[in-house]
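Please read the structure below before turning to the comments.
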Amino acid sequence: MTTPRTILITGGAGGIGQGIAQAFLETGNRVVLADSNAEAVHSAAAALGATALPLNITDERAAAAAFKTFEASGGIDVLVNNAGILSVHGAVTDLEASAFRAILDVNIVGTFAMTQAFARHRIAAGGGGAIVNISSIGGRQPTPGMGAYESSKAAVDSITRWAAIELATHGIRVNAVAPGPVLTPMLQQGMPEGSAERAAWANRIPLGSLAEVGDIAPAVVFLASQGAKHITGISLPVDGGQLLT
Ligand SMILES: NC(=O)c1ccc[n+]([C@@H]2O[C@H](COP(=O)([O-])OP(=O)(O)OC[C@H]3O[C@@H](n4cnc5c(N)ncnc54)[C@H](O)[C@@H]3O)[C@@H](O)[C@H]2O)c1
C-alpha cells in the first residue's frame, strides 16, 4: 500500500476528467476536481467522493490561490492538466481569429498558468511531484477542420517538454498522455454507435475502435506513479495505433 497522495484534476467535471478521478480514487488517493462549471464540478465531486474546486484555469491569480488553500492540509502532489476546449472547428479558410484565440487561451495559457502555479507550490514545499497533461494525437496528425484544436495540443506537448527540462532539478516530472478520439458521454451522443462519423473514425484506427475513458486513465495513473520515476518530458499516445497510419 503506497502513501495516499492528493491529485488535482482540471476539467474534472468532464468525461475524461471523471474517469481519471475514478482511477486515482480506486488506487487509494485523494482527488480534487477543478472545473469552471461550478454546478457540474460539485455534482461530479459528490458522486465520486472527491473535493470540488470551481476554478477557471485561465485566471492565473485564482490558480495560485487554489494551491495556497491546500497548503495547510498537506498540499497537492500531482496535477493533471485535463481541462480543454474541444468544440472549436473550422477550415483554415473559414475559422474566425476570435474562435482560435479562445481555444488557445484555455488549452495553452490555462495549461501554462496551472503548471506555473503547481511548480511554485511544489518548489516551496521542497520539490517532488508530477504533472500529467492531457494532450491529443491531433497535435501530431491533422484532421481537416480541427487545426485550431490541434495547434493548441501541439503546444501542450511543447509545454510538457519545456516544464520537464526546467523542473527536473526540483524532482518534478512532467509528462503527457495523448489520446485519439475517446468515447466520452458527449462524444457518444455526437457520434452514436452505427453512425457514419463513428465508422469513419474507427476506420483510421488499426486496433479497430475508439478509446473508452477507461483506456486513458491507467496511462495517467502510471505516469504519475513511482513506476514512472525515470520518465519525464514524453507525450504517450493512447490511440489504438492511429499515429501509425
Ligand atoms: N474526448 C476526446 O475524444 C478527446 C481526445 C483527445 C484529447 N482529449 C482531451 O481530453 C481532455 C478532456 O476532454 P473531455 O472529452 O473529457 O471533454 P469535456 O468537455 O467532457 O470536459 C472538459 C472539461 O473542462 C472544463 N473546462 C473548460 N474550460 C475550462 C476552464 N477555462 N477552466 C476550467 N475548466 C474548464 C469543462 O467545463 C469540462 O468539464 C481535453 O483536454 C481534451 O482536449 C479529448
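Indexing begins at 1, ligand by ligand and atom by atom, following the structure's order.
- Residue Gly84 approaches ligand 1 through these ligand atoms, each under 4.0 Å from one of its heavy atoms: 22 (C), 24 (O), 41 (O).
- Contacts between Ala40 and ligand 1, counted as non-hydrogen atom pairs separated by less than 4.0 Å, are absent for every part of the residue.
- Checking side-chain atoms of Arg122 against main-chain N and O of Val78 turns up no donor-acceptor pair under 3.5 Å.
- Contact analysis puts Ser135 in contact with ligand 1, with a non-hydrogen atom separation below 4.0 angstrom.
- Under a cut-off of 6.0 angstrom, the local environment of CD in Glu96 is sparse, with at most 12 non-hydrogen atoms contributed by other residues, nucleotides or ligands.
- Defined by atom type and a distance below 3.5 Å, a donor-acceptor pair is present between the side-chain atoms of Arg204 and Gln141.
- Although no hydrogens or angles enter the test, the distance criterion places no donor-acceptor pair under 3.5 Å between the side chain of Arg161 and the main chain of Gly233.
- In the model, Ser36 has no side-chain atom that pairs as donor or acceptor with a side-chain atom of Asn56 under 3.5 Å.
- The nearest protein atom to atom 19 (O) of ligand 1, hydrogens excluded, is given as Met186 CE, 3.3 Å; this is a heavy-atom distance.
- For Thr10 (side chain) and Asn82 (main-chain N/O), a donor-acceptor pair under 3.5 Å exists by modelled atom type.
- Ligand 1 has a nitrogen or oxygen under 3.5 angstrom from a nitrogen or oxygen of Ile16.
- Within the 3.5 Å criterion, the main-chain N or O of Ile231 finds a donor-acceptor partner in the side chain of Asn175.
- Per-residue contacts place Pro181 under 4.0 angstrom from the following atoms of ligand 1 (heavy atoms of the residue considered): 3 (O).
- Contacts with ligand 1 closer than 4.0 Å are made by heavy atoms of both the backbone and the side chain of Asn56.
- Of all the atoms in ligand 1, the ones that sit under 4.0 Å from a non-hydrogen atom of Thr184 are 1 (N), 15 (O).
- Among protein heavy atoms, the minimum distance from atom 24 (O) of ligand 1 is reached at Gly11 CA, 3.4 Å.
- With hydrogens left out, the protein atom closest to atom 8 (N) of ligand 1 is Tyr149 OH, 3.5 Å, a heavy atom.
- Here's the thing with Asp35: one of its N/O atoms is less than 3.5 angstrom from an N/O atom of ligand 1.
- A donor-acceptor contact shorter than 3.5 Å is absent between the side chain of Thr245 and the backbone of Gly241.
- When heavy-atom distances to ligand 1 are checked against a 4.0 Å cut-off, Val182 comes that close through both its backbone and its side chain.
- Atom 17 (O) of ligand 1 has Leu86 CD1, 3.4 Å as its closest protein atom, hydrogens excluded (heavy atom only).
- Not close to ligand 1: Gln18, with no non-hydrogen atom less than 4.0 angstrom away.
- Side-chain polar atoms of Thr111 and Asn81 form no donor-acceptor pair below 3.5 angstrom.
- The shortest contact between atom 29 (C) of ligand 1 and any protein heavy atom is with Ser36 OG, 3.3 Å.
- Under 4.0 Å is where a charged nitrogen must lie from a carboxylate oxygen, and between Glu150 and Lys153 no such pair does.
- At distances below 3.5 Å, not a single donor-acceptor pair connects side-chain atoms of Asp215 with backbone N or O atoms of Ala211.
- Regarding atom 21 (O) of ligand 1, its nearest protein heavy-atom neighbour is Gly14 CA, 3.4 Å.
- Considering both main-chain and side-chain atoms, Asn82 comes within under 3.5 Å of ligand 1 through a nitrogen or oxygen pair.
- Remark: the backbone N or O of Arg61 is paired with a side-chain donor or acceptor of Asp59 at under 3.5 angstrom.
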Verify side chain to side chain contact (heavy atoms under 4.5 Å, CB included) between His121 and Glu71, making sure each step is shown before the conclusion. CA-CA 8 Å; His121 171 73; Glu71 270 173 15; 4.0 Å; yes
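- Heavy-atom contacts from other residues, nucleotides or ligands closer than 6.0 Å to CG of Leu244 number more than 12.
- Atoms of ligand 1 lying under 4.0 Å from at least one heavy atom of Ala13, given by number and element, are 39 (O).
- The single protein non-hydrogen atom nearest to atom 20 (O) of ligand 1 is Gly15 N, 3.1 Å, given as residue, atom name and distance.
- Residue contact check: Val106 has heavy atoms under 4.0 Å from atoms 28 (N), 31 (N) of ligand 1.
- Of all protein heavy atoms, the one lying nearest to atom 5 (C) of ligand 1 is Gly180 O, 3.2 Å.
- Among the atoms of Ile57, some N or O lies under 3.5 angstrom from an N or O of ligand 1.
- Here Leu55 has backbone heavy atoms under 4.0 Å from ligand 1, and that is the only part of it that gets that close.
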